[in-house]
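For reference, the structure discussed in these notes is given below.
No hydrogens, no waters, no symmetry mates; every other heavy atom, side chains included, goes into these values.
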Amino acid sequence: MKKKITVLTLCAMLPALCFPAAAQQPKKVPRIGYVSSTGDPNTPGPQVEGFRQGLRDIGYIEGRNILVEYRYVEGKLDRAPSLVAELVQLKVDVIVVTLLPAIRAAKQATKTIPIVMATFQDPVATGLVDSLARPGGNITGLTGLGRELSGKRLELLMEVVPRISRVAILWDTNAPGPIIGFKEYEAAARALNIPLQSLEVRGPNPDLERAFQTAAKGRALALIAINNPVLNRYAKQIADLAIKNRLPSMYEKSDYVETGGLVSYSANDADQFRRAAYYVDRILKGAKPADLPIEQPMKFEFVINLKTAKQLGLTIPPNVLARTDKVIK
């Protein structure tokens, strides 16, 4: 009888002994792959910092309840496919991509790993997704509407510097995004009856001095630089050359104005990359990329550098100043 009681007691204790062990099994920590169009491992830049802040806002702590594998193209766009391939081989749970070559590479490399993009291109026009409302496939994310703002940037530049008769467009011919961008500016310029001058450079080492000499010879009176990872690495040099050549300049990122450019008009970069973290969170919690609509920015920032205006001998019209979101003095 005593032996029978002992056996029953052990049987009763087994679940109690086993279940705590099961409960103590470590929970899988999700691993995210991130391909950045800006910065490097030592200076990640505002896009990566915005994404990190977004993770923190949601409650993620890197190294504790989430892991992020960062990869940087560092101005070399041809590196994008190999960087994406690395992340696919690591079997990350989600891939975050921020430039068109990397988004295309990710789309070709995997049909199963969810992809969150943060792009300035039109994802429908570039064939990345079926529609903004229902992207389909394994891609979702955000679009900054960078290209759709081309006409607005030209209009603002004409208000900042009245009587412009010729605008130079600085762009990297070695990348797909700027090719689309230049065509958008051509269409907008035709509608506004403004002649354009194409200043073509080639990454990863653009000859900017020569481009500005070409602008001077062509008698350009203002400049617009098309955003891409190659030119972004030379933001300070471009802003300095614009001042040196007395060219009022418009940019597609406020970073340029922070380093000495004259004006910019764009969605807020930090906000966009914070929102990318929200998409990662939704997917980790079970949402399918195909069912997550691609988000468009609701607010745009008009930024002016008055110090640069003074160096160029420009007086910004009061009605223009009144509409700025940020003034750098």
Side-chain angles (χ1 to χ4, degrees), residues 26-39 41 44-73 79-121 123-124 126-144 229 267 269-297:
K27 186 179 180 181
K28 181 192 173 187
V29 177
R31 177 182 286 189
I32 310 303
Y34 187 111
V35 181
S36 179
S37 62
T38 62
Q47 293 183 0
V48 169
E49 292 303 331
F51 178 69
R52 285 173 167 166
Q53 183 59 55
L55 290 176
R56 290 192 291 269
D57 292 343
I58 297 168
Y60 289 105
I61 301 172
E62 286 189 63
R64 186 178 299 177
N65 58 359
I66 197 166
L67 301 173
V68 185
E69 297 281 351
Y70 294 101
R71 299 293 185 271
Y72 300 87
V73 298
R79 295 185 63 200
S82 62
L83 296 178
V84 168
E86 284 181 30
L87 298 175
V88 171
Q89 288 173 1
L90 288 174
K91 297 181 180 179
V92 295
D93 297 291
V94 182
I95 297 176
V96 180
V97 278
T98 66
L99 67 158
L100 187 57
I103 300 169
R104 286 176 170 166
K107 183 178 181 181
Q108 292 174 357
T110 178
K111 303 298 181 188
T112 56
I113 298 176
I115 298 166
V116 174
M117 63 179 173
T119 178
F120 292 97
Q121 311 299 328
V124 177
T126 51
L128 297 173
V129 298
D130 297 333
S131 72
L132 297 182
R134 296 188 67 82
N138 60 326
I139 302 180
T140 187
L142 306 98
T143 172
D269 265 6
D271 284 348
Q272 185 172 12
F273 288 90
R274 275 196 294 268
R275 292 293 295 168
Y278 160 81
Y279 276 86
V280 169
D281 179 58
R282 289 287 306 276
I283 290 168
L284 292 178
K285 289 176 177 174
K288 295 180 180 179
D291 299 331
L292 293 175
I294 290 171
E295 191 173 287
Q296 303 175 68

Exercise: do Arg282 and Tyr278 side chains pair donor with acceptor under 3.5 Å: yes

Steps toward side chain to side chain contact (heavy atoms under 4.5 Å, CB included) verdict (Thr110, Ile115): CA-CA 9 Å; Thr110 178; Ile115 298 166; 4.3 Å; yes

Residue pairs fulfilling side-chain hydrogen bond (donor to acceptor under 3.5 Å, both in side chains) with at least one residue in residues 132-141, sequence neighbours excluded: Arg134-Asp291

Residues forming a side chain to side chain contact (heavy atoms under 4.5 Å, CB included) with Ser37, sequence neighbours excluded: Gln47, Thr98, Leu99, Pro229

Separation of Thr143 OG1 from Ile294 CD1 (nearest 0.5 Å): 7.5 Å

4.5 Å side-chain heavy-atom contact, Tyr72 and Pro41: yes

Test side chain to side chain contact (heavy atoms under 4.5 Å, CB included) applied to Val124 - qualifying residues, sequence neighbours left out: Asp122, Val129, Leu132

Set of side chain to side chain contact (heavy atoms under 4.5 Å, CB included) partners for Pro30, sequence neighbours left out: Ile66, Asp93, Leu284

Results of side-chain hydrogen bond (donor to acceptor under 3.5 Å, both in side chains) for Glu49 - residues two or more places apart only: Arg52

Separation between CZ of Phe273 and OH of Tyr34, rounded to the nearest 0.5 Å: 5.0 Å

ring-ring contact (aromatic ring centres under 6.0 Å, His included) contacts in which one or both residues fall within residues 84-119, not counting sequence neighbours: none

Closest approach of Pro135 to Pro293 (non-hydrogen atoms, all atoms of both residues): CD-CA, 4.3 Å

Residue list, side-chain hydrogen bond (donor to acceptor under 3.5 Å, both in side chains) with Lys285, at least two apart or on another chain: Asp281

Side chain to side chain contact (heavy atoms under 4.5 Å, CB included) involving Ala290 - partner list, sequence neighbours excluded: none

Sub-4.5 Å side-chain heavy-atom contact between Tyr279 and Pro289: no

Partners passing side-chain hydrogen bond (donor to acceptor under 3.5 Å, both in side chains) against Asn65 (at least two apart in sequence or in another chain): none

Non-hydrogen atoms of Thr119 and Gln272 that approach each other most closely: O-NE2, 3.6 Å

Enumerate donor-acceptor pairs with a distance under 3.5 Å from any side-chain N or O in residues 80-91 to protein atoms, sequence neighbours excluded.
| from | atom 1 | to | atom 2 | distance (Å) |
| --- | --- | --- | --- | --- |
| Ser82 | OG | Arg79 | O | 2.8 |
| Glu86 | OE1 | Arg71 | NE | 2.7 |

Indicate every side-chain donor-acceptor pair of residues 101-109 with a distance under 3.5 Å to a residue at least two apart or in another chain.
| from | atom 1 | to | atom 2 | distance (Å) |
| --- | --- | --- | --- | --- |
| Lys107 | NZ | Gly127 | O | 2.9 |
| Lys107 | NZ | Leu128 | O | 3.2 |

Counterpart residues, side-chain hydrogen bond (donor to acceptor under 3.5 Å, both in side chains), relative to Gln53 (two or more places apart): Arg56, Asp57

Side chains of Leu55 and Val68 in contact at under 4.5 Å (non-hydrogen atoms): yes

